[in-house]
Amino acid sequence: MVMIRNPDCTDCRHHEGVEKVCELGRGDKHAKIMVVTSRPNSKAFAQVLHGHLSDAGIDPAICYFASAIKCRNFDMNIGRKDLKACAPYLELEIKAVDPDWILTMGNEALQAVTGHSGIMQYRGKILEAHGRKVIPTISSAAISRNPGQTASYMANLRFFAAQVYDKAAKVKPPTIHFINTSYHFKVLKRAIKRADVISFDIETTRAPTEFHPTARVVSLSGTLVIDGKTLVWALPLFHPQSPFRKSWQKALRQLVPLMAKVPKRIAHNGKFDCRWLRRFGQCDIDITFDTMLAAHLLDENREKGLKPQGTSRLGVAPWGIDTKDLLTTPINEVLEYNALDTYYAYHIYLQIRQELQDQPRLMRIFKFITMPAANLLIAVEQKGAWVDRSKLVTNGKIAREMRDEIERQLMEFVSASESPGSSLFAESNSEWPTDARGRPREVNFNPSIWARWFLFDHLRLPALAYGKLKENGEQDPSMAEDVLLELRDLHPAVDLMLKRSMWNQLVKAFFNAYDELLTEDDRIRTTFKIAGTVTGRLSSGKEDSEKFASGRPERGVNLQQVPRDPLVRGLFGAPPGFTFVEADFSQVELRIAAFLSRDRTMLSLYQQGEDIHAATASWVLGIPRSQVTKDDRKKAKAVNFGFVYGMGWRKFIYTAFTKYGVRFSEEEAQAIRRVFFEQFSGLLAWHARQRRLVNDNRRVQNPIGRIRHLPDIDSPEMFVRGEAERQAINSPVQSFGSDLCMLSMIEIDRQFKSADIAAHTIGTVHDALMFEVRDDHVGLALPIIKDTMENLPLAKKFGCYLDVPIVADISAGKHWGQSKELTKEEVYAWVA
DNA sequence: GCAGACTGCGCG
DNA sequence: AAAGCGCGCAGTCTGC
């Protein structure tokens with residue numbers, strides 16, 4: 001070891017002012033296990049780390065601890081260059097100790113040992129470097145900052161221990177039956193018919209959707225349970241080496257109907273597989289147990305992918321191939337990978353099912369909400385939302401012309417010679433900005449270096465705020481909307497910049513995206529993620545990118561962020577012969593807050609059917625209820641939503657200005673907050689209750705038992721704890737609101753089907769549902785929608801007695817957001 | 001040329 | 001001392 005150390009090393013800047021130059025690690029010098037981490041020689045650090053290792057079953061006494069950087073200077077950040085400079089010493093150290101296994105902790109150590117960067121991507125995988133096996137995880141210091149990471153960190157350590165000590169995985173790899181003759185295919189059909197359980201999975205080409213011309217199913221695999229025995233099989237389909245390459249669709253048309261009849265159907269993110277199998281098997285198939293959704297329901301913070309679930313639950317090493325292009329991957333590899341997915345998913349199912357059975361409230365949510373929603377969304381995603389093609393063309397043209405015209409006007413301010421001569425329009429005081437190679441930068445009105453030059457140098461506007469402190473110690477002047485609003489009166493270009501930003505956003509994020517994604521049947525499709533949020537809400541957008549090549553148009557606009565501007569929202573609607581129906585829960589989160597807090601004022605307002613936003617407006621503005629305008633009510637909305645979830649007066653001033661254009665002084669804002677909590681005094685007690693609950697239990701739950709884990713409540717940092725406490729207030733409300741909406745969607749769709757009503761669910765936007773109803777069935781559909789939403793079977797299904805009235809506002813017309821809310825009479829006696 | 005951090009903005 | 005919550009995506013810039 002003496003040979004390695006170089007106390008005179010000056011290879012990187014870290015040697016300057018450090019106590020000991022080139023400090024090597026410590027521990028067993030012939031250890032089988034090497035741990036690469038920052039500051040291995042700090043006593044306090046080592047103590048914590050040794051605790052973690054022991055807990056995971058690794059004896060720290062037989063490890064060698066090394067650092068990626070041998071001169072530890074805590075005032076300096078470590079860059080790639082530093083790691084490179086120090087790499088030879090680490091390499092020598094590895095050779096000298098000669099370990100079989102290396103545990104790297106944190107991104108630095110990962111980079112230093114393997115050369116890869118991206119710890120969140122590589123953690124828990126088995127890599128190879130310097131001829132040894134390497135398993136990366138996050139740094140132990142990250143755990144104390146963010147206790148929320150503890151579970152997966154410990155899972156990584158336990159996995160490392162299992163590999164090092166060669167502990168047999170809990171689940172052994174199965175024998176896989178490859179189906180490559182028509183005889184085997186027949187045997188497979190017979191087996192599926194007899195099976196009680198099927199866990200299945202498909203591999204596909206990287207087509208953007210199952211309807212794309214390049215969409216093919218490359219292989220199909222399954223794990224069957226027949227008479228208590230498992231049978232694992234893999235069927236090649238469109239793969240070039242497949243005997244069924246020419247008849248792959250025919251094979252699916254034979255198999256999918258049989259699979260759909262197996263009593264228990266399991267898959268990991270099965271919504272994806274079911275969409276493809278429906279398309280090519282020409283038969284509806286759904287799932288009874290989705291392991292990804294169940295894992296997420298049990299712990300919304302844990303990695304829910306099949307591989308991380310497999311390593312942490314089953315102790316199996318990450319299996320499989322880099323699925324870049326399946327068609328050029330040898331068939332055996334594809335099939336083995338495909339089959340193992342189904343086998344391990346089946347074993348994960350066995351575990352998770354038990355965990356759900358131990359928590360009956362979660363099981364009920366899974367049974368009555370999660371799985372029905374998943375199966376309903378298969379059809380919703382396949383159907384898509386209808387878009388008015390001619391409107392898309394004309395509205396898009398309007399938006400593009402508006403943006404171009406504004407940019408033309410802005411360009412007049414760019415050339416200094418055309419600037420008016422007043423002091424406000426002073427001549428430029430600096431040179432046109434250049435890039436790193438000295439070339440002039442292009443005009444770019446987006447928040448860019450050029451745009452900052454334009455505003456703050458060329459037009460000499462004052463920089464009122466600055467962005468984040470950068471690595472080089474500089475801060476860019478902020479171009480955020482609220483800052484520009486302050487500068488609006490100083491120069492006409494500011495207003496143009498603001499307007500351009502709005503129109504450009506519409507063009508780029510919406511019109512362009514919709515143009516690209518609109519299919520021939522005039523529909524746009526999204527993917528809803530059921531396990532995409534920590535509260536149980538759906539998220540909407542693109543399919544997981546890993547499944548698809550970059551650069552291609554993909555399935556997936558975000559249906560939940562369609563601007564309310566009629567120019568955009570009005571593009572969506574119902575095709576000829578159909579009516580677009582939107583049903584909104586009225587103020588659902590505030591009603592839930594009233595229910596949970598038991599605040600007497602709020603409860604009685606809702607029980608009397610009064611408008612809580614108007615009430616707040618009259619109190620905070622000090623005017624009688626009758627004088628409250630529509631605008632006042634809108635402002636009160638900001639007050640209500642903010643303060644209910646623990647907003648402070650500073651943030652209130654900020655949001656009141658940026659979102660509603662109202663300025664409040666500090667005194668006014670504090671006074672409004674005070675009045676608010678005087679009126680709704682029950683809210684403060686409720687906030688305190690939620691804080692106590694999360695501090696005691698590290699988790700909170702909503703009225704039907706959906707759990708939000710908040711491990712960050714143990715953070716030593718006040719701010720992080722405060723965050724967890726506010727989440728403890730918001731989560732039960734938001735997640736219950738979402739559950740009401742999901743439950744409605746499921747229940748309404750069920751009734752449509754059983755009454756044979758020609759209506760389709762188009763999607764949800766958190767507290768709203770959208771439907772497409774055949775014109776002659778609107779009168780039948782409207783009462784079902786309203787009745788269901790207002791009278792959900794919460795008591796029957798979840799033992800939850802909601803004593804706040806729930807109200808659904810319904811509107812019906814040709815386009816989204818374009819029609820008037822219906823009165824109760826109109827809902828129950830619809831006249832087209 | 002690509003990934004990651006960061007900002008800004010669309011929605012509830 | 002200070003503190004709404006929950007999302008997805010486009011765009012810029014940096015560093016390799």
Side-chain angles (χ1 to χ4, degrees), chain A residues 79-81 83-84 107 111 115-121 300 435-436 441-442 444-452 467-472 476 478-484 501-502 504-510 512-513 526-529 532-542 545 550-551 554 556-565 568-569 584-585 587-589 593 637-652 654-655 658-659 673 687 691 708 718-735 737-738 741 764-768:
Chain A
R80 253 180 201 264
K81 277 181 202 149
L83 288 167
K84 235 179 202 164
N107 201 36
Q111 273 187 55
H116 295 112
S117 179
I119 183 61
M120 296 321 258
Q121 179 190 337
E300 72 286 359
D435 66 12
R441 286 181 185 272
E442 281 179 29
N444 180 353
F445 293 108
N446 292 325
S448 60
I449 288 173
W450 186 90
R452 289 191 171 85
K468 272 207 165 175
L469 192 66
K470 296 191 296 183
E471 286 269 319
N472 60 13
D476 289 333
S478 170
M479 284 183 62
E481 195 189 9
D482 57 315
V483 179
L484 292 191
S501 159
M502 189 191 90
N504 191 49
Q505 172 86 3
L506 287 186
V507 169
K508 285 288 175 61
F510 302 105
N512 285 358
T526 186
T527 304
F528 286 106
K529 280 194 204 166
T533 74
V534 288
T535 56
R537 275 185 171 184
L538 297 183
S539 75
S540 157
K542 286 181 168 53
S545 55
S550 60
E554 294 168 11
V557 298
N558 184 338
L559 262 193
Q560 297 179 332
Q561 62 173 58
V562 177
R564 276 174 296 183
D565 187 328
V568 185
R569 192 163 280 200
D584 283 52
F585 279 112
Q587 302 168 35
V588 73
E589 289 201 5
K637 247 175 150 170
V639 176
N640 285 334
F641 283 118
F643 290 151
V644 162
Y645 298 130
M647 189 192 274
W649 58 267
R650 278 172 200 282
K651 178 91 180 210
F652 172 66
Y654 179 78
T655 51
T658 53
K659 286 198 174 162
R673 193 170 191 275
H687 286 182
R691 287 198 183 94
R708 169 88 187 263
M718 279 280 214
F719 179 77
V720 178
R721 283 210 305 275
E723 237 173 358
E725 288 178 349
R726 292 192 299 278
Q727 287 160 340
I729 293 166
N730 170 276
S731 261
V733 180
Q734 190 185 115
S735 76
S738 148
C741 194
T764 99
V765 191
H766 309 308
D767 63 358

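Below, read A as the first sequence line, B as the second, and so on, with proteins coming before strands; counting in each chain starts at 1. Quick note: numbers below take in every heavy atom, side chains included, and nothing from hydrogens, waters or symmetry partners. No experiment lies behind these values; they were computed from the predicted model shown.
- Within 4.0 Å of A:Arg673, counting heavy atoms only, lies no atom of the nucleic acid at all.
- Of the candidate nucleotides C:dG8, C:dC5, B:dG12, B:dG12 has the atom lying nearest to any side-chain atom of A:Arg569.
- Closest-nucleotide positions on DNA chain C for A:Arg691 and A:Gln734 were compared, and the one nearer the 5' end corresponds to A:Arg691.
- Nucleic acid contact for A:Met718: base, since at least one base atom lies under 4.0 Å from a heavy atom of the residue.
- Residue A:Arg708 is in sugar-phosphate contact alone, with no base atom involved, counting any heavy-atom pair closer than 4.0 Å across all strands shown.
- Side chain of A:Pro563, nearest nucleotide from C:dG6, B:dC11, B:dC9: B:dC11.
- The closest side-chain donor-acceptor pair between A:Tyr645 and A:Glu589 falls under 3.5 angstrom.
- With sequence neighbours excluded, no residue forms a side chain to side chain donor-acceptor pair (under 3.5 Å) with A:Arg726.
- Computed from coordinates, the A:Lys529 NZ to C:dC7 C1' distance equals 10 Å when rounded to whole Å.
- Listed nucleotides: C:dG4, C:dG8, B:dG10. Nearest to the side chain of A:Phe510: B:dG10.
- Residue contacts for A:Gly722: at a heavy-atom cut-off of 4.0 Å it reaches no nucleic acid atom on any strand shown.
- Consecutive Watson-Crick or G-U pairs involving DNA chain C, each under 3.5 Å on both distances, make up stems of three or more pairs at B:1-12 with C:5-16.
- Contacts of A:Ser735 with the nucleic acid, taken as non-hydrogen atoms under 4.0 Å apart, are absent.
- Rounded to a whole Å, the CG atom of A:Asn730 is 3 Å from the C1' atom of C:dC5.
- Within the 4.0 angstrom heavy-atom criterion, no nucleotide atom of any strand lies near A:Val644.
- Of all nucleotides listed (C:dA2, C:dG4, C:dC5), C:dA2 comes nearest to the side chain of A:Arg650.
- With distances taken from any side-chain atom of A:Thr535 to the nucleotides C:dG6, B:dG10, B:dG12, the minimum falls on C:dG6.
- Set against C:dG6, B:dG10, C:dC5, the side chain of A:Gln505 has B:dG10 as its closest nucleotide.
- Within the 4.0 Å cut-off from OP1 or OP2 of B:dG12, not a single side-chain nitrogen or oxygen of A:Gln561 is found.
- Among B:dG10, C:dC5, C:dG11, the nucleotide with an atom closest to any side-chain atom of A:Asn558 is B:dG10.
- Using a 4.0 Å heavy-atom cutoff across all strands shown, A:Val568 reaches no nucleic acid atom at all.
- Listed nucleotides C:dG11, C:dC5, C:dG4 differ in distance to A:Asn446; the shortest reach to its side chain belongs to C:dG11.
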